[in-house]
2 protein chains.
Amino acid sequence: MTRRDEIIKQAGLLFSLKGYSAVSMRDIAKAVDIKAASLYNHLPSKQAILEAIVLNLANTFVNHIHDVNQNPSFSTRQKLSEIIQQHIDLSLQQPESVAVLNTEWIHLNGEALDKFKAKRFTYEQELREIIKNGIQEQSITKRDPEVILFSILSTLRTLNLWVAKRKHLTVEDLKADLETILLYGIIRQNKS
Amino acid sequence: MTRRDEIIKQAGLLFSLKGYSAVSMRDIAKAVDIKAASLYNHLPSKQAILEAIVLNLANTFVNHIHDVNQNPSFSTRQKLSEIIQQHIDLSLQQPESVAVLNTEWIHLNGEALDKFKAKRFTYEQELREIIKNGIQEQSITKRDPEVILFSILSTLRTLNLWVAKRKHLTVEDLKADLETILLYGIIRQNKS
DNA sequence: GTCTATAACCTGATAGAC
DNA sequence: GTCTATCAGGTTATAGAC
């Protein structure tokens, strides 16, 4: 890991704990045990650190859902399963980056903000397409696609806030339960 | 509306847009058209404004779920319905306060932070109880109660981010769709 | 209740020595 | 690549006039 990567990693942790604006370059410098001025030898600005974290992870998400959606061997059900898995994995592996992506992107400016918004829109479009296809082929219930989209996305996007605490479940059990809950609901149907 | 209320309202709007740390007392003062120093005639500190917003709304949520949970005439299904309705209503009526409650509480300190955390825990406990009762009486599927709890809560807590945009649906239709999706899932069952 | 002035400190970023 | 020193400006909050 280069020095630059280490700075970005520590900054991400601090941003996720206190928020971008509440973290100073001196705070970040202290976390990597150098002086604030030395940070500028590796990165041009505080903004650049935020951009690296947010755009990097946004790309990971977009690339993944694009690959899934493009794969002709996946059913609607399987596509949703892959997407849920990806969110669980990244929320467990990089909870700080997911937190920053979710809540600190507002502090991006100019071109980087535009890029982020475009990525987010693309991601939502891919998922929207999967849902609309599912409704058309009658594998998904005929409810408002936007409500389905944001209902599922809300849960997936905020997994980072609680998955780490669920240590009584294996990742496989967590995935199985979450998938059942999101796809089949929680109400037990009468079998009569 | 008193001057104090007006300050809190404008501050809440700014906090929800830019985050607590990125909003200065001068920004808040400008929004109510006075000088920053004059704010201190109505409120002791910037912290006090955040406390008022967060704790006030947290109380509203906790009081409501407590009343619902205590009502012996409600079934599990009806209790969940009432809770969903409350989240939709508050997310539409006070989207800024909901946003501040969701994301800016980290900037609370000392006693106020403890109070918030206690309220949040109480809220989750009430919902956890409803879910566990539902599982016991077999009206809710036998899945991990924590996954059910946070899956539903994630969607309800972030309604403020998208409900306002869903103008093609009436509030009643939105509620009906969200309820179906959260409680019965999205996969269309084979009726064969 | 609102103002001006100011205290005491923190902010991102740069210049230039080593 | 890291340091010290520093710039120019922003931060919350207070004192005291009106």
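Everything quoted here is computed from the prediction, not taken from an experiment. All values below were derived from every heavy atom in this structure, side-chain atoms included, with hydrogens, water molecules and symmetry-related copies excluded. Chain letters run A, B, ... following the sequence lines, proteins first, then strands; residues in each count from 1.
For the pair A/Gln47 CD and C/dT11 P, the interatomic distance rounds to 17 Å; values are reported in whole Å. Between the NZ atom of B/Lys30 and the P atom of D/dT12 there is a distance of 13 Å, given to the nearest Å. In this structure, CG of A/Leu43 is placed 11 Å from P of C/dA13, rounded to the nearest angstrom. One atom, CG of B/Leu39, and another, P of C/dT4, lie 14 Å apart when rounded to the nearest Å. Nucleotide D/dC18 holds its C1' atom 17 Å from the CD1 atom of B/Ile34, rounded to whole Å. Rounded to a whole Å, the CG atom of B/Leu50 is 15 Å from the C1' atom of D/dT12. Across the protein-nucleic acid pair, A/Arg4 atom CZ and D/dT2 atom P stand 15 Å apart, rounded to whole Å. If you take CE of A/Met25 and C1' of C/dT14, they are 12 Å apart, rounded to a whole angstrom.
Annotation: cation-pi geometry satisfied between A/Lys46 and A/Tyr20 (NZ/CZ under 6.0 angstrom from ring centroid, within 45° of ring axis).
Judged by closest nucleotide on DNA chain D, A/His42 is the one of A/His42 and B/Ala22 placed further toward the 5' end.
Closest to the A/Asn41 side chain, of the nucleotides D/dT2, D/dA15, C/dG1, is D/dT2. Nearest to the side chain of A/Tyr40, among C/dG12, D/dC3, C/dT2, sits C/dG12. Taking only side-chain atoms of A/Lys35, from C-beta outward, the nucleotide of D/dT4, C/dC3, D/dT12 with the closest atom is D/dT4.
Proximity of B/Lys46 to the phosphate of D/dT12: a side-chain N or O atom is located under 4.0 Å from OP1 or OP2. In this structure, A/Ser38 does not reach the D/dG1 phosphate: none of its side-chain N or O atoms is under 4.0 Å from OP1 or OP2. Contact between the side-chain N/O atoms of A/Ser24 and the OP1/OP2 oxygens of C/dT11 is found at a separation under 4.0 Å.
A/Arg26 comes within 4.0 angstrom of a nucleotide base, judged by non-hydrogen atoms across all strands. The residue A/Val32 sits apart from the nucleic acid: no heavy atom pair falls under 4.0 Å.
In this model, a donor atom of one side chain and an acceptor atom of the other lie less than 3.5 Å apart for B/Ser24 and B/Asp27.
The CD atom of A/Glu126 sits 9.0 Å away from atom CG of A/Asp67, with the distance rounded to the nearest 0.5 Å.
Closest of all the heavy-atom pairs between A/Ile106 and B/Leu17 is CG2-O, 3.6 Å. Residues A/Trp162 and B/Ser151 share a closest heavy-atom pair of CZ2-N, 4.3 Å.
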